[in-house]
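Remember, predicted model here, so these are calculated numbers, not experimental data. Whatever order the structure lists ligands and atoms in, that order sets their numbers, starting from 1.
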Amino acid sequence: MATIKEVLFAVARRIDRFEARLLLAHLLQCRREYFITHDNDELSDEVLTRYEALIARREAGEPVPYIIGEQEFFSRPFHVREGVLIPRPDTETLIETVLAEIDRCQAKTLLDMGTGSGCIAITLALENPSLCVSASDFSEKALKVAQENAKTLGADIKFYHGSWYEALSADMRFDMIVSNPPYIHPQDEHLAALQYEPITALTDGVDGLKDLRTIVTGAPNHLTSQGFLAMEHGWDQGQAVRNLFDPEIWCDVKTIKDLGDNDRVTMGRLKA
Ligand code: GLN
């Protein structure tokens with residue numbers, strides 16, 4: 001037998017302190033705050049054995065959200081499992097940008113392409129109950145997770161299966177299209193650390209701009225008049241993504257920075 005305090009102290013030498021608490025809270029089905037007032041509680045050998053198994057998975061590199069099956073995004077819990085990208089705090093920049101724009105232009109319909117866990121589509125729908133939200137993904141695994149999240153969190157979303165615009169019929173148009181596509185360059189050294197996540201959600205396998213290009217190029221066929229497109233991208237892709245927007249077709253093209261002061265979201269509006 002050992003106390004919560006002793007166990008957390010010992011584990012902090014092996015994995016991140018915060019993650020150690022997340023894993024123990026998951027195991028004990030309690031909130032992390034519980035440990036503050038119960039740090040002298042003893043853990044049974046059975047709990048310790050199960051905790052050790054979770055720590056070992058984390059030590060082997062598995063991301064905590066896959067181990068506990070959940071990641072918070074925009075203050076809501078999203079279910080995640082292998083085969084679906086784990087929501088990132090960076091993507092909250094896309095949410096904030098789009099929310100401000102919805103208010104400004106009174107958009108009524110929105111499409112989130114490559115929705116993954118559904119975190120963008122579901123958050124936007126819940127923050128704007130009058131917005132009619134659709135979401136697509138080429139991965140059936142991801143669509144299933146997104147549908148489960150929509151149901152659990154109470155969001156009404158129309159889902160479409162297919163790669164980018166192939167998921168849609170030719171006549172479908174939206175006031176806004178948003179996306180967090182795979183944009184990591186296939187040679188980027190950071191990819192190695194992300195091996196548990198679906199590679200197709202991380203990189204296009206070409207130059208990191210291929211899918212961003214596909215989305216910009218096809219958007220005019222699926223946006224309403226003066227429709228708006230916003231996409232997340234890498235910190236070093238701002239200029240390259242702005243260049244994808246043909247000035248004959250688009251106006252108000254600009255890049256927004258994330259909280260870390262990196263270029264993160266580029267948006268544009270179809271000319272009238
Ligand atoms: N932002 C993610 C990362 O850098 C990548 C997700 C993406 O390519 N859309 O880990």
Side-chain angles (χ1 to χ4, degrees), residues 16 19 58 61-67 70-74 78-98 110-124 135-139 141-143 145-146 149 162-165 167 176-219 229-242 244 255-268:
D16 174 83
E19 293 187 339
R58 181 65 195 120
E62 189 172 348
V64 169
Y66 285 158
I67 302 176
E70 190 176 292
Q71 172 65 44
E72 192 177 287
F73 180 77
F74 221 76
F78 282 80
H79 171 60
V80 288
R81 54 176 179 257
E82 278 197 48
V84 66
L85 188 81
I86 298 165
R88 313 283 207 262
D90 290 344
T91 304
E92 297 190 351
T93 303
L94 180 63
I95 299 288
E96 306 272 14
T97 305
V98 173
L110 177 142
L111 168 69
D112 169 30
M113 285 204 292
T115 195
S117 65
C119 64
I120 297 171
I122 293 167
T123 302
L124 292 173
S136 68
D137 208 292
F138 91 103
S139 157
K141 242 186 200 172
L143 272 186
V145 173
N149 278 323
S163 174
W164 308 126
Y165 298 104
M176 282 191 179
I177 296 177
V178 303
S179 185
N180 172 21
Y183 55 70
I184 301 180
H185 194 283
Q187 254 89 57
D188 189 314
E189 59 188 58
H190 297 104
L191 269 184
L194 303 173
Q195 56 183 307
Y196 279 84
E197 293 184 87
I199 187 79
T200 51
L202 294 165
T203 178
D204 54 32
V206 178
D207 60 356
L209 286 168
K210 177 173 160 271
D211 290 327
L212 289 157
R213 191 179 294 115
T214 301
I215 294 168
V216 180
T217 311
L229 171 65
M231 299 177 302
E232 179 173 320
H233 53 71
W235 62 274
D236 56 352
Q237 291 174 317
Q239 185 61 57
V241 175
R242 287 194 297 280
L244 299 175
T255 298
I256 317 293
K257 289 184 185 293
D258 62 21
L259 292 175
D261 211 27
N262 295 309
D263 282 356
R264 186 56 62 196
V265 170
T266 294
M267 59 191 210

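- Summary of contacts: the protein heavy atom closest to atom 1 (N) of ligand 1 is Y183 OH, 2.7 Å.
- When non-hydrogen atoms are compared, ligand 1 lies under 4.0 Å from the side chain of E232 (C-beta onward) but not from its backbone.
- The residue D90 has no part lying near ligand 1, judged by heavy-atom distances below 4.0 Å.
- Put simply, the side chain of E197 never gets that close to the backbone of L85: no donor and acceptor are under 3.5 Å apart.
- Atoms of ligand 1 lying under 4.0 Å from at least one heavy atom of L202, given by number and element, are 8 (O).
- For D137 (side chain) and T115 (main-chain N/O), a donor-acceptor pair under 3.5 Å exists by modelled atom type.
- For D258, the salt bridge (charged side-chain N to carboxylate O under 4.0 Å, His left out) criterion is met by R264, not counting sequence neighbours.
- For the ring-ring contact (aromatic ring centres under 6.0 Å, His included) test, residues two or more places apart in sequence or in another chain that qualify with Y165 are H222.
- Every atom of ligand 1 is numbered from 1 in the order shown, and the set under 4.0 Å from a heavy atom of P182 is 8 (O).
- Annotation: side chain of D112 is not in contact with side chain of L124 (no heavy-atom distance under 4.5 Å).
- Atoms of ligand 1 lying under 4.0 Å from at least one heavy atom of N180, given by number and element, are 7 (C), 9 (N).
- Closest of all the heavy-atom pairs between E232 and P181 is O-CD, 3.6 Å.
- Looking at L194 next to ligand 1, no N or O pair under 3.5 Å apart turns up.
- The protein heavy-atom contact nearest to atom 4 (O) of ligand 1 is I184 CD1, 3.8 Å.
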Are L212 and H233 close enough, and set up right, to give a side chain to side chain contact (heavy atoms under 4.5 Å, CB included), and what steps lead you there?
-> CA-CA 8 Å; L212 289 157; H233 53 71; 4.1 Å; yes
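- Put simply, no part of G234 is less than 4.0 Å from ligand 1, judged by heavy atoms.
- Closest protein heavy atom to atom 6 (C) of ligand 1: L85 CD2, 4.0 Å.
- Counting protein heavy atoms only, atom 10 (O) of ligand 1 is closest to R88 NH2, 2.9 Å.
- Under a 3.5 Å cut-off, the side chain of R242 and the backbone N or O of A240 do not form any donor-acceptor pair.
- Listed by atom number, the atoms of ligand 1 under 4.0 Å from P181 heavy atoms are 7 (C), 8 (O), 9 (N).
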